[in-house]
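What follows is a short report on a single structure.
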Amino acid sequence: MFKQKVFLISIFSLFSLLNAETFRVSKMHTLRIEQDAASEASEKIGISEALAIYIPEEKEFLEGLEIKMEIPEIIAEWPDCIACSVYDKIKPLPSPTQIDYSANREYVSTLPGRLSWVIQIPLSKTNSLKANKFVTKMDALPDLSQNVIFIRLQPVMKGIPEEVSKAKIGISVKPILKNKGNLNLTLSSKGKLEPCSVFIDDNSVSFTKDSHKILLDTGIHNISIISEAYRNEVRTVRIEQAKTTALTVEMKSIEPTLIILAPESTKVFLDGEACSTIGKEFVISEGEHKITFSIGDYEIVRTINVIKGKSYTANFGFDLQILEE
């Protein structure tokens with residue numbers, strides 16, 4: 001059935017002339033959203049009511065907000081009779097006991113004549129939000145200094161039925177997260193940490209201290225750490241969306257090391273000198289070395305050629321073999 005619609009031209013004239021507005025709402029609702037893919041909150045608000053959406057102070061991964069409105073059939077039958085406005089710079093801060101406000105309007109649109117409507121609000125200059133036939137994208141980037149987005153519903157035409165005025169609109173809000181995460185890379189060493197070159201996926205990364213947070217795309221990344229003072233280290237990490245992955249790498253000296261393993265009663269000689277450091281890694285000089293194992297009348301001698309940046313293990317043990325003919 002065709003319904004005669006008489007729009008309040010003066011309201012839209014005010015919208016077009018001013019961003020800053022002073023207004024009153026009949027009721028104030030509030031929601032809080034976290035920087036988490038699982039964070040979602042919902043509320044039902046009426047015509048002439050408002051919703052304050054609080055976002056977290058830490059919003060490094062927060063790309064935008066997706067607001068889905070479930071529109072009652074009675075309102076859908078009267079398209080363009082209810083306006084939805086988005087504000088920032090609200091004074092005073094929203095409170096359930098406060099109904100008078102002033103704020104900057106960043107967006108306004110009438111509710112479409114359908115049962116649901118999705119609007120996306122960008123919260124970052126660099127975002128991947130795109131409008132389509134199912135989604136409306138707000139072009140303006142709201143001011144986030146207060147960490148709050150303010151949404152207001154209001155009638156914009158005369159003669160709407162009482163059922164429309166009393167209807168409630170369900171609103172669900174969830175964060176839109178960047179497809180990125182952080183790598184918290186920490187380098188450690190037994191002594192003073194010397195300068196290192198860090199490469200991620202073969203790309204050089206600025207790294208000026210022992211711990212550094214690096215923003216990366218989600219997925220698998222290869223980490224290479226190179227230094228003249230340490231052995232080269234290679235790691236593989238998986239970066240998850242909107243999460244921080246910690247990676248600690250102990251930088252090992254390029255001095256060669258040796259660990260000797262032998263039964264308790266074994267006498268061990270290194271280059272002719274008795275060796276008491278059994279089972280523990282120790283630094284050994286470069287070049288050729290002779291290791292002697294002696295247990296009772298049994299003796300075995302081995303020679304190793306030690307190279308810088310390598311670790312060696314000398315393991316002396318007995319093996320029992322049983323043969324059947």
Side-chain angles (χ1 to χ4, degrees), residues 181-217 219-239 244-325:
N182 273 326
L183 171 65
N184 192 9
L185 178 61
T186 301
L187 305 183
S188 65
S189 65
K190 293 182 179 179
K192 180 183 177 182
L193 184 66
E194 299 296 333
C196 298
S197 296
V198 177
F199 294 85
I200 299 180
D201 302 327
D202 297 326
N203 297 314
S204 179
V205 175
S206 176
F207 200 93
T208 57
K209 52 184 179 180
D210 59 353
S211 185
H212 198 70
K213 189 165 67 173
I214 306 165
L215 185 67
L216 297 172
D217 292 334
I220 303 296
H221 296 273
N222 297 314
I223 316 298
S224 300
I225 305 160
I226 300 172
S227 173
E228 294 182 357
Y230 305 102
R231 303 182 191 189
N232 295 342
E233 300 289 345
V234 177
R235 300 289 189 277
T236 300
V237 296
R238 177 186 292 275
I239 299 299
T244 297
T245 300
L247 175 64
T248 299
V249 178
E250 182 180 352
M251 303 305 297
K252 297 180 180 178
S253 170
I254 57 175
E255 291 182 307
T257 61
L258 172 65
I259 182 170
I260 299 175
L261 304 174
E264 188 175 347
S265 58
T266 306
K267 294 180 180 178
V268 180
F269 298 88
L270 179 62
D271 296 330
E273 300 288 335
C275 179
S276 59
T277 309
I278 308 299
K280 294 183 179 180
E281 189 177 43
F282 60 91
V283 175
I284 188 171
S285 61
E286 294 180 70
E288 189 174 274
H289 295 272
K290 184 172 69 173
I291 306 174
T292 303
F293 297 93
S294 177
I295 184 167
D297 295 331
Y298 181 76
E299 183 178 277
I300 186 170
V301 179
R302 291 288 185 268
T303 300
I304 60 172
N305 188 26
V306 175
I307 301 173
K308 181 186 295 185
K310 299 289 185 178
S311 294
Y312 300 86
T313 300
N315 188 2
F316 174 70
F318 292 99
D319 184 25
L320 175 63
Q321 291 184 345
I322 300 177
L323 302 177
E324 180 179 345
E325 296 183 357

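Computed from a prediction, not measured in an experiment: that's the story for all the values here. These numbers come from the heavy atoms of this one structure, side chains and all, not from hydrogens, waters or symmetry mates.
A distance-only check finds no donor-acceptor pair linking the side chain of R231 to the backbone of I226 [under 3.5 Å]. Using modelled atom types, one side-chain atom of D201 and one backbone atom of N222 make a donor-acceptor pair closer than 3.5 Å. Under the 3.5 Å distance criterion, the side-chain polar atoms of R302 are left unmatched by any main-chain donor or acceptor of K290. Of the possible donor and acceptor atoms, none in the side chain of Y230 sits under 3.5 Å from a partner among the backbone N and O of E250.
Annotation: side chain of D217 is not in contact with side chain of I239 (no heavy-atom distance under 4.5 Å). Looking only at side-chain heavy atoms (C-beta outward), L258 and I291 come within less than 4.5 Å of each other. Counting only heavy atoms from C-beta outward, the side chains of V268 and T266 approach each other to under 4.5 Å. Using a 4.5 Å heavy-atom cutoff, the side chains of I260 and F282 are in contact. Residues E299 and T292 form a side-chain contact, since some pair of their non-hydrogen atoms from C-beta on lies under 4.5 Å apart.
Residue-environment remark: CD (E255) stays at or below the threshold of 12 foreign heavy atoms within 6.0 Å.
Residue H221 is tested with L247, V237, T245, L183 for a side chain to side chain contact (heavy atoms under 4.5 Å, CB included); the sole match is V237.
Distance check, rounded to the nearest 0.5 Å: CD1 of I225 to CG of L187 gives 5.0 Å. One finds the CG atom of L261 at 8.5 Å from the CD1 atom of I278 (value rounded to the nearest 0.5 Å). The CD1 atom of I254 sits 8.0 Å away from atom CD of E286, with the distance rounded to the nearest 0.5 Å. In this structure, H212 NE2 and T186 OG1 are separated by 11.0 Å, a value rounded to the nearest 0.5 Å. Rounding to the nearest 0.5 Å places CD1 of I304 at 13.5 Å from NZ of K310. Rounded to the nearest 0.5 Å, atoms OG (S224) and CG (N203) are 11.0 Å apart.
Contact record, N305 with E288: OD1-N, 3.8 Å, taken as the closest heavy-atom pair. Between T257 and I284, the shortest heavy-atom contact is C-CG2, 4.0 Å. In terms of heavy atoms, T248 sits closest to S188 at CG2-OG, 4.3 Å. Closest heavy-atom contact between L193 and M251: CD1-CG, 4.2 Å. In plain terms, the two heavy atoms of S227 and C196 that are nearest each other are CB-SG, 3.9 Å. Across H289 and L270, no two heavy atoms sit closer than the pair CB-CD1, 4.2 Å.
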side-chain contact (heavy atoms from CB on, under 4.5 Å) between N315 and F293, intermediate numbers included
CA-CA 10 Å; N315 188 2; F293 297 93; over 6 Å; no
